[in-house]
Amino acid sequence: MAPTLLQKLFNKRGSSGSSAAASAQGRAPKEGPAFSWSCSEFDLNEIRLIVYQDCDRRGRQVLFDSKAVQKIEEVTAQKTEDVPIKISAKCCQGSSSVSSSSSSSISSHSSSGGSSHHAKEQLPKYQYTRPASDVNMLGEMMFGSVAMSYKGSTLKIHYIRSPPQLMISKVFSARMGSFCGSTNNLQDSFEYINQDPNLGKLNTNQNSLGPCRTGSNLAHSTPVDMPSRGQNEDRDSGIARSASLSSLLITPFPSPSSSTSSSSSYQRRWLRSQTTSLENGIIPRRSTDETFSLAEETCSSNPAMVRRKKIAISIIFSLCEKEEAQRNFQDFFFSHFPLFESHMNRLKSAIEKAMISCRKIAESSLRVQFYVSRLMEALGEFRGTIWNLYSVPRIAEPVWLTMMSGTLEKNQLCQRFLKEFTLLIEQINKNQFFAALLTAVLTYHLAWVPTVMPVDHPPIKAFSEKRTSQSVNMLAKTHPYNPLWAQLGDLYGAIGSPVRLTRTVVVGKQKDLVQRILYVLTYFLRCSELQENQLTWSGNHGEGDQVLNGSKIITALEKGEVEESEYVVITVRNEPALVPPILPPTAAERHNPWPAGFPESPEGTDSRDLGLKPDKEANRRPEQGSEACSTGCQGPASDASWKPQNAFCGDEKNKEAPQDGSSRLPSCEVLGAGMKMDQQAVCELLKVEMPTRLPDRSVAWPCPDRHLREKPSLEKVTFQIGSFASPESDFESRMKKMEERVKACGPSLEAREAADVAQDPQVSRSPFKPGFQENVCCPQNRPSEGDEGESDKGFAEDRGSRNDTAADTAGQLSHAADLGTASHGTAGTGGRRLEAARGLYVKAAEGPVLEPVAPRCVQRGPGLVAGANIPCGDDNKKANFRTEGDIPRNESSDSALGDSDDEACASAMLDLGHGGDRTGGSLEVELPLPRSQSISTQNVRNFGRSLLAGYCPTYMPDLVLHGTGSDEKLKQCLVADLVHTVHHPVLDEPIAEAVCIIADTDKWSVQVATSQRKVTDNMKLGQDVLVSSQVSSLLQSILQLYKLHLPADFCIMHLEDRLQEMYLKSKMLSEYLRGHTRVHVKELGVVLGIESNDLPLLTAIASTHSPYVAQILL
Amino acid sequence: MNAIVALCHFCELHGPRTLFCTEVLHAPLPQGDGNEDSPGQGEQAEEEEGGIQMSSRMRAHSPAEGASVESSSPGPKKSDMCEVCPGREGPIFFGDEQHGFVFSHTFFIKDSLARGFQRWYSIITIMMDRIYLINSWPFLLGKVRGIIDELQGKALKVFEAEQFGCPQRAQRMNTAFTPFLHQRNGNAARSLTSLTSDDNLWACLHTSFAWLLKACGSRLTEKLLEGAPTEDTLVQMEKLADLEEESESWDNSEAEEEEKAPVLPEGTEGRELTQGPAESSSLSGCGSWQPRKLPVFKSLRHMRQVLGAPSFRMLAWHVLMGNQVIWKSGDVDLVQSAFEVLRTMLPVGCVRIIPYSSQYEEAYRCNFLGLSPHVQIPPHVLSSEFAVIVEVHTAARSTLHPVGCEDDQSLSKYEFVVTSGSPVAADRVGPTILNKIEAALTNQNLSVDVVDQCLVCLKEEWMNKVKVLFKFTKVDSRPKEDTQKLLSILGASEEDNVKLLKFWMTGLSKTYKSHLMSTVRSPTASESRN
């Protein structure tokens, strides 16, 4: 029974266990929400390393190009020089073999410090040939505009289209010892190779840069016995850093609501938002002293002798030609960039070491041999790590994240989890193993703490469903921060003070057991869940519409040309990328409603697609509680022609300014929205109303789309699915649906729309399709047009009189809307009257909701046609089209470009401005952003899903959680990994300590290894964990409750309550520590119920809310 | 998004420069002052949500002042367009911690007068957060590419029209090379508005860039869970809601008000509710309520000192068990202060106070009752073991308690007599929580704040047990034997603890109770696991 359950848990999506690697390789299609990246298309050998240097005097030189490296055996076998050289496949195939072997060799080498004898005997033979032809170009790209004077490192990513490649490069300034120019000998060695007639022609690049070789012989005098570069242990012992960091935490940033209970998460995010803000200019977040060291630590560098030199390291990923595979890799790459960068830094350190130590080798062929093989090893390791990272089996359903995502089968999930949990408590708590593991996990992966901190507002839903943090949500809105970073920090538990970054490895031969433990731990290893939101401004995506990357996908079944065949036509509709502004009106515009932005207007209107979205508003109208307001609000908006709104804006601005004394120009929607209501009120109103209606969307007021589809934005992709009509029973109904959709795309749109209006007013609608324009030219526009000139002329007086009396016809609409006339009809009438009188093409609130759509379209006509037909009004400044030989030039005396741009702009601004009272003076224009609609989908390409891994063939450095069969590799790499983690934190902020929890189910031991303490005992990886009695009593009571058949969800509630108790105890402890410099364990025990074995746990918890605690105890 | 989006141009005369740049201004900054000193024109649009403003400005500066303007304000560096992109049109990411990180997309715009018939532009996004920027690459690439396509489309139309009217290539080929014309052509840089023939281009770009910033900033959102509120918080919320309802009903019926007023004086109730759950220190609450007077009892520890340990233990015992606590005193403030201190031992839901009454009130109405000295207490109450009476007498100086009251003017004139129908046996262990509270109060090393925090912990710990017991007995109606088992699991099998749990059960919030009741009724929850 148990295995089947486990299989369900872990192999549900075929991405785990031993089969994982195989399945990963064989499987092409990307699977559902739980995912793992398929690696079949990913060729490890296609990861290329290039090292370049750029020197003041010598210019650019290639120091290494993995494409130019051949294994000796292969060279002899394959004599043709020009064939592109591939690295031995052996070197990088497979995941486990590569990384383990290469890393072992790496470690053995690095420990030896590198002597020539050693190199001679053990190194595989590589041959370095001429770098590939594209290397010069790549060098250009790598260095680009990097200033020689800049001391820090520069990061770059290029996308190379053909062949598709992704290049990530880092440029460092080289830090050289007193032996300046000591890499020259390496260069010379290459040149030496290249001069060898057997090895091909000289590289022109290198050749041309030859003359400066002065320093080359100095290298021989390098002292051999220098200790290798220490990892700056003393400088960054972590404590100093953490102290400064926590003081940073305490600094009183003006946090709007520090009182909220989830304040620590909140603070962290707020701080992130502030430190990455650009508002006060670009403030470097941390000093970047990341240099490329060409000197051993002990050689003091003489500043006078330091020549400017840059070293660039570049990794090039060749992408698969297949689009799908390419996208997969890009997804992975861009979403997991911090990990890539971290490994790149490792590679860089290896290169540094290789360069330094190869200098000690006198003989140049040996030196090159040594250097190249070192680099190839490092590259091999990099490749292996990346491949592992890409292909590692992930836990398909991490408990916490899955529970959070609110699946329907939540109860089952609770039961499944609790079953596993209690099983572990019962079976593997010998020697308190499980309690120890859980203690360690709760102590270091601290992200659970904010999830139990009590809040001071009532829950919305059930108790087991905690609520999402509103304050953090608000923060994300007002001060966007990087949620990926926040999630990564949560996962690594790096939320305490001092900041520790923690990983957990479960080691054991029994795969089942390890997987069980991993599964249970995913409940305690918590992080926030990420959602991906697609904001659209034009589309009214219906509930059922598929949306992909912002484009709407419409599927339809069409008759094929061949008899009896059916095609599914998938239409991808893209939102235009240029968002049309909602411009304030101007007098000029009134004459020329379609300004020069629409060059083809004289040619007719057919190319103009007014993405009319009003139907939705109209439809929603009846739903809204406040009829009066919605009438006002949405009437004009629902008419979808932007022009009338502009007209309104003008009126309103003039009207409102004297009344409110506000110079701010309200947005068009607001103007539509019943005039006197200020923006705030309207927004509030809508905020109140909308969320209840459309929980998934933000308030959506579509902005009128006056945008021209200059290019057809409909792309059709046709797939054939079976060529004969299937006899299935529901096929017909399906076809009907399809037909409807087809119709929807076609000209008979209105019918459907009307039907929709009648049937389902709640459904939001798709934007109008082209084809509707046929209706545009209708006679109704005549009167409007005729009136227009007059009304424009009389506008000024009009305005004046309206201000005074508001009795004018023109004023009536606004008046009507103003008063929030309850009846749609009234407003509508008012609007029409206005329209007739003034020719402003206004049709205000549509009358009855069920008014057929067709007439509506007709009524829309006037705005359109009039707009299109009046481009050449009396004061129309610019002809839209240039006549022959009359290409206008903006010539100016000093800066042609600048001034012409500015001139044009100024005139544009003036155009915008002088409808209002802004002529000349202020040139600032406010434009409202179009209302947006957001469609949320769960984002699976995040760390929460990818860093919680299953049972891996070998130890892996980055994963937050994983299991593995043996600790062999762990023992080899752990110390170096931890040190690397501290020095190149993935987290994009300095960390004080890197921690790894190692639970060994074979030895029943739980140890914590850290980057700070050296373990004297060679047998041990870290320190044994003290079992917290809080934790073990928690485990016991959960087990007992479970045995008493309390329901699973209640047990989980109780578990959460108990965790909350721990939090409260930590509060008590921190309060206690405030007054004490020493902890009297006895006091704690007797009075506060805290035992000494609880102290590490409670202190760690306390450090998330009271940073001073750690400082007291340290 | 904490980013700047800008349109740059690589001018053949002046090199790379910024034409137009949109940035985000967040709430803490004063609004709208960003543009006053900027040389160009700007547009601003305010977003409804979160007070975020997107501000754009034209960059109008002569080459001479260009450098200074750019160095003083955040924005693209000149070098931004010197990055090499293969094929010259395409996306690049670059940057460093010092200057920020940039996602840039270069592109060409057709210009029939330009050299090579095209001009070189780029749209760039600058951020300090490289992780987010890199993560947004696919998104930005798509959107920026879209904008570029449309710009190029517009320009192409203009270009074609111009070429149709006046084929430059032919003209150039036919015209003999004259330095003047050449220079003129090279110089005659036209603005992007004329290249695209769109006068609203800047407005359009502003909206598009602002939109891009908004969409990219809200592209990823977090769902971050926070802990459930404590029972105390829930009960307070509920009381507050009740109070609001009540006050509404008071408006309607004046008569009711009269009846209720003495029972629940508004001031008392309001004060109770304003206290946060975390700071159970009644002192602060009292202080704000009664600024004129310092609270008589400062803390439980203080009260314990005043009453003496044995009396206090008896009193506390009764308080914890839910027995009626009656204080008889002429000093209203003293009684209220005493209740404020004593109530901190109980969950909020278990506290029903009638601070001062002129007649005895039944125990079901209140577990804290303040009475004036003359009020008669019914004999059954006096003899009951479920009530404790504290009589406050004005005493002669000689009978004063020796401990802790020397400096206490307000208390020095009183002596306290604690009596109960059946006094608690001194050797009885008592509820666990009482012993812990006493230990905490005894230990002078612990500050008042620590004790408060300790009380919070203890209360929550026991409320958690209460929850389980409630679920077990009231919701699931399990048999007695099971309950006994459960109690021993909870470490509360002793008689006093059980009593305490039963009393505390009355303090559970309605929200919690109804939640448990509803889940048991829902079909999914009733599935038993096998």
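The figures that follow rest on heavy atoms only: side chains count, while hydrogens, waters and symmetry mates do not. In what follows, chains are A, B, ... by sequence order, proteins preceding strands, each numbered from 1.
Separation of the B/Phe94 and B/Phe101 ring centroids does not fall under the 6.0 Å cut-off.
Interface remark: A/Leu484 contributes side-chain atoms only to the contact with chain B (heavy atom separation under 4.5 Å). For chain B, the nearby parts of A/Gln1040 are the backbone and the side chain; heavy atoms of each come within less than 4.5 Å. Heavy atoms closer than 4.5 Å to chain A are found in the backbone of B/Met127, but not in its side chain. Residue B/Leu201 does not touch chain A at all, counting heavy-atom pairs closer than 4.5 Å. Residue B/Arg145: no heavy atom, backbone or side chain, is found under 4.5 Å from chain A. For B/Asn443, the part lying near chain A is the side chain, with the backbone staying farther off; criterion is any non-hydrogen pair under 4.5 Å.
At a threshold of 4.0 Å, the pair A/Arg272-B/Asp129 counts as salt-bridged, since one of the basic side-chain nitrogens sits closer than that to a carboxylate oxygen.
Separation of atoms OH (A/Tyr1063) and SG (B/Cys457) is listed at 10.0 Å; rounding is to 0.5 Å.
Listed by chain and number, the residues in a salt bridge (Lys or Arg N to Asp or Glu O under 4.0 Å) with A/Glu1061 are A/Arg1058 (sequence neighbours excluded).
When the candidates B/Glu461, B/Glu238, B/Met463 are compared by the number of heavy-atom contacts under 4.5 Å with chain A, B/Glu461 comes out ahead. Interface summary for chain A: among B/Leu446, B/Val450, B/Asp482, the most heavy-atom pairs under 4.5 angstrom belong to B/Val450. By number of non-hydrogen pairs under 4.5 angstrom with chain A, the leading residue of B/Ala439, B/Gly491, B/Ser218 is B/Ser218.
In this structure, the side chain of A/Gln531 does not engage the main chain of B/Thr221 through any donor-acceptor pair within 3.5 Å.
Ring orientation note: the planes of B/Trp137 and A/Phe334 are close to parallel, at an angle under 30° on the 30°/60° scale. Using cut-offs of 30° and 60° on the angle between ring planes, the pair A/His1054 and A/Phe1050 is parallel.
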